[in-house]
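To start, the structure itself, in structure tokens.
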Protein chains: 2
Amino acid sequence: MKKDIPACPVEVTLMLMGDKWKILIIRDLLDGTKRFGELKRSVCGISQKMLTANLRTMEECMLVDRKVYAEVPPKVEYTLTETGYSLKTVLDAMAEWGEHYKRQAGA
Amino acid sequence: MKKDIPACPVEVTLMLMGDKWKILIIRDLLDGTKRFGELKRSVCGISQKMLTANLRTMEECMLVDRKVYAEVPPKVEYTLTETGYSLKTVLDAMAEWGEHYKRQAGA
DNA sequence: CTCAATAGTATCTTTTAGGCAACTATAGCA
DNA sequence: TGCTATAGTTGCCTAAAAGATACTATTGAG
């Protein structure tokens, strides 16, 4: 059962990706497809549990695509869907603001 | 003691405003100065404690300005600083994405 | 036969978030 | 005299989130 979608579009976005880990996962996936282990290493500080959990909900929300290869040892690749990739504008805005803030704070 | 600023600009932004309540507070303050009680009513579902706590840290990070009037009953006004207001670009991106997602999902 | 590597689960513990209720100060008003 | 309204603070408590650790399956390599 899906939660109902809030009226406010900001809240909608918040619901789908307003979460530290999700944002960092998206940030790293914007560079392209990554394997589970790669993400675990690149998303600094995330636990296996959190990574799995977040990837699962993002998959449900159609933000990422999960591709399992029938190999041993296992290989699973994660890729942003078109919808997921479109979050780039948000991430870009955040990155730009972060840069700006650092310049302010550093001065 | 301030936490040290992360290298990644996205993480910087996340650290300052990557929090459900902060984003909603900023969203509502983008319309202009508001009193404590007004915010409490407009940020749907927030408790007094959370509102106070979030406003305090946002004040520390120089995102909002707190103005106390020496009146009875007390009157306190909150306004976004220039830095705080500059988060509008991020909120706008989020709002736009949210709209887009709703159109997709609603179809 | 056993080990390594990957992508997870399962379980337990700790940390954090957040709600609830009570308390404060004080000018004006009935 | 006591009530009201506002913007808090403080303490207590619960529930949810996150972290740590151990475990699983599989198979090719040695």
Report task. Quickly work out the Leu51(A) CG to dA20(D) C1' distance and round it to whole Å. Result -> 16 Å
Query raised in the report: Separation of Lys34(B) atom NZ from dA7(D) atom C1', in whole Å?
Result: 17 Å
Report summary line: To the nearest angstrom, the CG-P distance between Asn54(B) and dT9(D) comes to 13 Å
Query - Asp28(B) backbone acceptor or donor facing Lys34(B) side chain under 3.5 Å - result: yes
Query raised in the report: To the nearest 10 degrees, what angle separates the axes at the start and end of the helix from dC1(C)-dG30(D) to dA30(C)-dT1(D), five pairs each?
Result: 30°
Query raised in the report: Between atom OH in Tyr69(B) and atom P in dG8(D), what is the gap in whole Å?
Result: 13 Å
Query raised in the report: For the pair made of NZ in Lys40(B) and P in dC20(C), what is the distance, rounded to whole Å?
Result: 10 Å
Query raised in the report: Looking at side-chain heavy atoms only, is the closest gap between His100(A) and Gln104(A) below 4.5 Å?
Result: yes
Report task. Check the distance between dA17(C)'s P and Asp19(A)'s CG and give it to me in whole angstrom. Result -> 13 Å
Report task. Mind listing the closest non-hydrogen atom pair of Ala7(A) and Lys102(B) along with its distance? Result -> O-NZ, 2.7 Å
Query raised in the report: Quick one: Lys22(B) NZ to dG18(C) C1', roughly how many Å, whole number?
Result: 13 Å
Report task. May I ask you to check whether Ser86(B) and Trp97(A) show a side-chain donor-acceptor distance below 3.5 Å? Result -> yes
Requested in this report: Decide yes or no for Lys88(A) and Tyr85(A): does some side-chain heavy atom of the first lie under 4.5 Å from some side-chain heavy atom of the second?
Outcome: yes
Query raised in the report: Thinking salt bridges, do Arg27(B) and Glu11(A) make one under a 4.0 Å N-O criterion?
Result: yes
Query raised in the report: Rounded to the Å, how far apart are Met50(B) CE and dG8(D) C1'?
Result: 14 Å
Requested in this report: May I ask you to establish whether Lys75(A) and Tyr69(A) are in a cation-pi arrangement, using a distance under 6.0 Å from NZ or CZ to the six-membered ring centre and at most 45° from the ring axis?
Outcome: yes
Requested in this report: Compare side-chain N and O positions of Trp21(A) against OP1 and OP2 of dA17(D) and report whether any pair is under 4.0 Å apart.
Outcome: no
Query - Tyr78(A)/Asp65(A) under side chain to side chain contact (heavy atoms under 4.5 Å, CB included): CA gap, chis, key distance, verdict - result: CA-CA 6 Å; Tyr78(A) 291 93; Asp65(A) 219 49; over 6 Å; no
Pairs under 3.5 angstrom, nitrogen or oxygen only, protein versus nucleotides 5-12 of chain C, please.
unit_1	atom_1	unit_2	atom_2	d
dT6(C)	O3'	Arg35(A)	NH2	2.9
dT6(C)	O3'	Pro74(A)	O	2.8
dA7(C)	OP1	Arg35(A)	NE	2.9
dA7(C)	OP1	Arg35(A)	NH2	2.9
dA7(C)	OP1	Val76(A)	N	3.4
dA7(C)	OP2	Gly37(A)	N	3.0
dG8(C)	OP1	Arg56(A)	NH2	3.3
dG8(C)	OP1	Arg66(A)	NH2	2.5
dG8(C)	OP2	Tyr78(A)	OH	2.9
dG8(C)	N7	Gln48(A)	OE1	3.4
dG8(C)	N7	Gln48(A)	NE2	2.5
dT9(C)	OP1	Arg56(A)	NH2	3.3

Report task. Determine the contact category for Gly45(A): base if any of its heavy atoms lies under 4.0 Å from a base atom, sugar-phosphate if only primed atoms, P, OP1 or OP2 are that close, otherwise nothing. Result -> nothing
Query raised in the report: Do Val68(B) and Met62(B) share a hydrophobic cluster, counting only Ile, Leu, Val, Met, Phe, Trp and Tyr and linking them when any side-chain heavy atoms are less than 4.5 Å apart?
Result: no
